[in-house]
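Please read the structure below before turning to the comments.
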Amino acid sequence: MRKLICFAVAIITAFPLFGCSVSPVNEESSVVFYYIHNEIEYGTDSGVITSAVANVNVKLDNYDALLTLYFNGPTNYECISPFAAGTTFVEFGIDGNKALITLSPHMSTLDNSTLTVALACLTRTIVEMTGVDTVQIRIQNNKIYGEESVTLSLNNFAYYDDVMPGES
């Protein structure tokens with residue numbers, strides 16, 4: 001009986017030494033997406049475009065998955081997607097310090113300032129997500145501002161407007 005008790009104590013004492021190391025299966029990471037601010041704040045840095053931090057269960061270098069999440073739209077009511085309904089990306093790649101993206105034809109329904117805001121949101125998102133300097137954007141079977149593509153950087157946009165509505 002004494003041997004049985006000693007054996008049981010030895011097993012119980014040694015058991016923690018053989019424990020498993022549990023690592024999380026899907027470690028969450030966060031990424032910043034840019035959308036239209038639901039309530040435009042004139043005279044502020046956020047103005048029309050605002051950032052939305054999204055916790056994602058994909059690797060931060062899986063750009064196809066991240067862009068799919070981005071085009072699905074924001075997950076909070078503070079933001080509105082600037083893209084035409086149904087817009088997706090057809091192709092995405094990185095060539096040196098430039099990202100290349102082709103958007104679905106849905107995007108061609110936007111024009112003027114709505115297109116400019118959408119391109120600004122997309123450019124900021126891709127630059128921050130990938131670390132590239134420029135983004136070359138195409139719309140499948142369509143032109144952008146009369147061109148086959150546009151190449152944009154963060155410097156192409158003014159993100160702050162200090163003019164209040166109604167002022168001249």
Side-chain angles (χ1 to χ4, degrees), residues 29-168:
S29 301
S30 59
V31 64
V32 178
F33 294 144
Y34 289 88
Y35 295 108
I36 296 175
H37 201 282
N38 193 17
E39 294 181 21
I40 297 174
E41 298 174 16
Y42 295 98
T44 66
D45 287 336
S46 63
V48 175
I49 296 174
T50 190
S51 62
V53 177
N55 293 322
V56 295
N57 288 324
V58 297
K59 291 184 179 182
L60 295 181
D61 62 353
N62 185 347
Y63 301 127
D64 287 355
L66 291 174
L67 286 168
T68 298
L69 291 171
Y70 177 57
F71 284 107
N72 284 341
T75 57
N76 64 48
Y77 293 107
E78 295 174 15
C79 306
I80 302 169
S81 176
F83 306 105
T87 299
T88 59
F89 74 99
V90 177
E91 290 181 89
F92 181 79
I94 296 178
D95 183 15
N97 214 13
K98 181 190 330 185
L100 306 129
I101 188 166
T102 302
L103 302 174
S104 65
H106 302 86
M107 189 71 174
S108 66
T109 62
L110 300 180
D111 60 1
N112 302 324
S113 64
T114 55
L115 178 59
T116 301
V117 170
L119 296 177
C121 290
L122 180 61
T123 300
R124 283 191 79 173
T125 296
I126 291 176
V127 166
E128 187 156 328
M129 186 171 42
T130 63
V132 298
D133 289 332
T134 59
V135 180
Q136 182 179 13
I137 304 167
R138 295 179 185 272
I139 299 175
Q140 189 178 39
N141 303 321
N142 290 279
K143 295 187 182 240
I144 302 176
Y145 303 121
E147 302 292 326
E148 292 297 320
S149 68
V150 293
T151 301
L152 303 169
S153 72
L154 297 182
N155 298 331
N156 290 111
F157 304 99
Y159 296 101
Y160 178 75
D161 185 3
D162 60 0
V163 177
M164 298 297 287
E167 288 183 11
S168 312

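Just so it is clear, the structure is predicted and the values come from calculations on it, not from any experiment. Numbers here simply count residues along the sequence, with the first being 1.
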Which residue pairs satisfy the salt bridge (charged side-chain N to carboxylate O under 4.0 Å, His left out) criterion with at least one member in residues 59-85, sequence neighbours excluded? none
State, with a plain yes or no, whether a side-chain heavy atom of Val31 is found less than 4.5 Å away from one of Leu69. no
Of all heavy-atom pairs linking Asp133 and Val127, the shortest is O-CG2, 4.3 Å
Do Phe89 and Ile137 have side chains that approach each other closer than 4.5 Å (heavy atoms only, starting at C-beta)? no
How close do Gln140 and Thr102 get, counting heavy atoms only, and between which atoms? N-CG2, 3.9 Å
Do you know which two heavy atoms are closest between Ser104 and Gly86, and how far apart they sit? OG-O, 3.8 Å
Distance (rounded to the nearest 0.5 Å) between Arg124 CZ and Met129 CE: 13.5 Å
Passing option when Gln136 is tested against Thr151, Asp95, Ile101, Val150 for side-chain contact (heavy atoms from CB on, under 4.5 Å): Thr151
Spacing of OG1 belonging to Thr114 relative to CG belonging to Leu119, to within rounding of 0.5 Å: 9.5 Å
May I ask you to test the Phe92-Leu66 pair for a side-chain heavy-atom distance under 4.5 Å? no
Just so I know, are the side chains of Ile36 and Val48 near enough to count as touching, which here means a heavy-atom distance under 4.5 Å? yes
Mind checking the CZ-CZ spacing from Phe33 to Phe71? Nearest 0.5 Å is all I need. 10.0 Å
Tell me the closest heavy-atom pair linking Ser30 and Asn55, and the distance in Å. CB-OD1, 3.5 Å
Atom pair OG1/CG of Thr87 and Leu122 - distance to nearest 0.5 Å: 10.0 Å
Considering all heavy atoms of both residues, which atom of Phe83 and which atom of Ala118 are nearest to each other, and what is their separation? CE2-O, 3.8 Å
Tell me every residue that passes side-chain hydrogen bond (donor to acceptor under 3.5 Å, both in side chains) with Tyr34, counting only those two or more places apart in sequence or in another chain. Glu128
Using the rule given for side-chain contact (heavy atoms from CB on, under 4.5 Å), can you reason through Met107 versus Asn142, listing the C-alpha separation, both sets of side-chain angles and the distance that settles it, and then say yes or no? CA-CA 9 Å; Met107 189 71 174; Asn142 290 279; over 6 Å; no
How long is the gap from OH on Tyr35 to SG on Cys121, to the nearest 0.5 Å? 9.0 Å
Identify the two heavy atoms, one from Ile126 and one from Ala99, that lie closest to each other, and give their separation to 0.1 Å. CG2-CB, 3.6 Å
With heavy-atom distances below 4.5 Å as the criterion, would you say the side chains of Val56 and Asn62 are in contact? no
If I take atom CG from residue Leu110 and atom CD1 from residue Ile139, how far apart are they, to the nearest 0.5 angstrom? 7.5 Å
